[in-house]
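Positions are given from 1 along the sequence.
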Amino acid sequence: MPQNSEMQGDMQRKCWQVFSLCFFAFLLAQHRLVFPYHDDWGYATLSYSTEVVTGVGRDFSQADLIQFLYQEYQNWSGRFFPFFLQINLFKFGVEAVRLVQIFVLVTIVFSAVVVFQRGRELWSSLLLIPVAYFLALPTFVTAGGLYWFSASIAYAWGVALFGVAIGLIIYKGHLYWPSTVLVALAALFHEQMSVAMFAFMLAYTFFLSLQRATFKVLYQEWPHHVIVLGAALLVILAPGNYVRRNVSTYPHEGIFATIWANAKDIATFLLNSEGGPISLFAVLALIVFASKICSYVPARRILVTGVAVVTVLFGVVKLFPPIVTVGLWLVGFTVMHFVGVRKGWIPPAIAATFVAAVASLLLLLFAPGVSGRALLTFYLLMLFPSVYWISIGWVWNRWLMVLVAMLAIMALPQAIKTYKGYSANAPYHKANHAKLLAAGFDTLHNIGPKTLLLYRLPEERYAETMPYQRDIIYHWLRRYYQVPDMTFQWLDPDHARR
């Protein structure tokens with residue numbers, strides 16, 4: 001019998017290894033369809049909000065890059081670290097950016113399993129949970145953020161460093177310098193990550209103090225807090241942020257009107273039809289919690305039924321406005337993590353990650369407006385607490401595997417729709433790229449026409465802003481392909497099929 005059990009375990013591990021390879025193949029296939037858009041061309045040629053006139057195209061030195069990032073820091077944004085990575089990767093070509101992004105996403109998804117398993121067993125059925133969560137990501141964060149490199153590197157790549165950091169923290173049971181350095185580096189990627197990472201540090205020490213029933217931790221860990229706070233302030237207090245704020249248009253008068261409008265927009269994004277499967281993950285985690293805290297079976301059934309009924313009323317019937325529903329869910333998660341830490345069911349790092357995710361949303365309340373891609377950081381950070389709690393229920397009660405499988409099935413149409421959208425655009429991207437490369441060669445040798453015929457995209461939702469949608473992008477495109485005097489005419493996609 002032990003031998004049969006061991007053989008069965010080996011077979012299951014091989015099945016989940018194949019599953020992991022399939023997920024990697026999906027990411028590879030998806031990213032082959034993703035091309036540069038909007039300011040990707042501008043950053044790749046040091047010509048976005050500020051400009052360093054040097055070299056040709058992407059031919060510039062590291063000193064030129066540092067000069068560009070310094071000017072960007074002073075006049076537009078504090079995100080010098082992700083732009084440093086992005087611009088250097090683009091020097092190797094878009095293929096290098098795609099491969100690194102795939103590695104980043106694999107790290108995020110797999111670290112959610114590592115955090116729960118503490119590295120004991122990676123190849124398990126638990127992989128289905130973060131993969132299903134990833135496939136369920138709504139189009140407004142994938143098309144607007146994840147599959148637009150300038151946004152993805154800022155909003156998402158730091159989460160991979162954070163995933164490794166909380167894995168180390170949970171394994172060690174406390175903060176220590178390698179994990180703190182990773183959290184500080186994650187804070188350098190974006191203003192939302194800066195706020196989220198410092199909120200994580202504060203929340204972690206609070207929950208650790210709560211678990212240990214002593215608040216000495218709050219002041220014992222102050223050097224770690226200072227490091228992360230310093231990194232966060234370096235991004236948040238960048239002079240360029242305030243320059244950009246002064247030229248931004250706020251559609252609402254007064255801070256309270258802005259906060260209220262942004263709160264309603266965030267709630268609507270979280271609960272619209274595309275965000276529904278992710279919201280169900282959150283509800284499933286709450287159901288698991290309700291089941292866990294009730295050791296008496298009838299009471300557990302009553303709670304599970306009650307949460308399910310409330311979920312239907314909120315999510316399907318829409319009994320309350322989105323902002324009320326999201327508010328109640330956030331209260332539920334807060335209670336869940338508070339009780340979970342006190343009972344010893346959940347590590348302080350997981351509870352603190354929930355706080356970090358919410359903190360990333362709170363910063364959006366003060367923005368001129370809320371775009372869908374701005375929720376990407378929140379969704380990726382929420383992956384860890386959601387997966388952790390569903391994983392607890394998975395081990396405790398196998399019927400949850402059926403629910404997660406159902407969620408995965410619900411998520412598949414979302415992933416397929418996104419893939420098809422990018423697939424429809426890919427031939428036109430490739431044709432345009434080939435024409436622009438040829439035009440650059442002709443320009444270098446002073447031959448060829450001065451007008452180039454390019455194709456519009458048939459599925460513009462599955463691409464960020466293109467040059468024919470915003471004139472300033474022409475400057476970046478001309479510099480990227482080294483066609484400074486070229487003019488463009490854009491043909492309808494149907495013209496290419498005739």
Original post:
Would you call Phe80 and Leu234 a side-chain contact if the rule is heavy atoms closer than 4.5 Å?
Top reply: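 SC-SC contact between Phe80 and Leu234 confirmed.
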Original post:
Sequence neighbours excluded, which residues qualify as side chain to side chain donor-acceptor pair (under 3.5 Å) partners of Gln30?
Top reply: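 Testing Gln30 for side chain to side chain donor-acceptor pair (under 3.5 Å), a comparison that skips the adjacent residues, returns none.
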Subject >> Atom NZ of Lys172: over 12 foreign heavy atoms under 6.0 Å >> reply: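 Atom NZ in Lys172 is not crowded, with 12 or fewer foreign heavy atoms closer than 6.0 Å.
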**OP:** Examine the side chains of Gln71 and Trp76 and answer whether a donor and an acceptor come within less than 3.5 Å of each other.
**Re:**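 Side chains of Gln71 and Trp76: no pair found under 3.5 Å.
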**OP:** May I ask you to check whether Tyr43 and Glu72 show a side-chain donor-acceptor distance below 3.5 Å?
**Re:**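 Their side chains do contain a donor-acceptor pair, which is all the 3.5 Å distance test asks for.
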Please answer whether the main-chain N or O of [Y] pairs with a side-chain N or O of [X] as donor and acceptor at a distance below 3.5 Å.
| X | Y | value |
| --- | --- | --- |
| Glu464 | Trp148 | no |
| Thr107 | Phe103 | yes |
| Arg373 | Val141 | no |
| Asp40 | Ser150 | yes |

Return the minimal non-hydrogen interatomic distance between [X] and [Y], and the atom names on each side.
| X | Y | value |
| --- | --- | --- |
| Ile323 | Ala263 | CD1-CB, 3.7 Å |
| Leu188 | Pro82 | O-CD, 3.5 Å |
| Ile169 | Ala349 | CG2-CB, 4.1 Å |

**OP:** Under the ring pair (Phe, Tyr, Trp, His ring centres under 6.0 Å) rule, collect the residues that match up with Phe19, sequence neighbours excluded.
**Re:**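 Phe19 satisfies ring pair (Phe, Tyr, Trp, His ring centres under 6.0 Å) with Trp16 once adjacent residues are dropped.
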Original post:
What's the spacing between Phe198 CZ and Leu233 CG if we round to 0.5 Å?
Top reply: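 The distance works out to 8.0 Å.
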Original post:
Can you check ring pair (Phe, Tyr, Trp, His ring centres under 6.0 Å) on His31 and Tyr147, steps first, answer last?
Top reply: CA-CA 8 Å; His31 282 81; Tyr147 301 137; 5.3 Å; yes
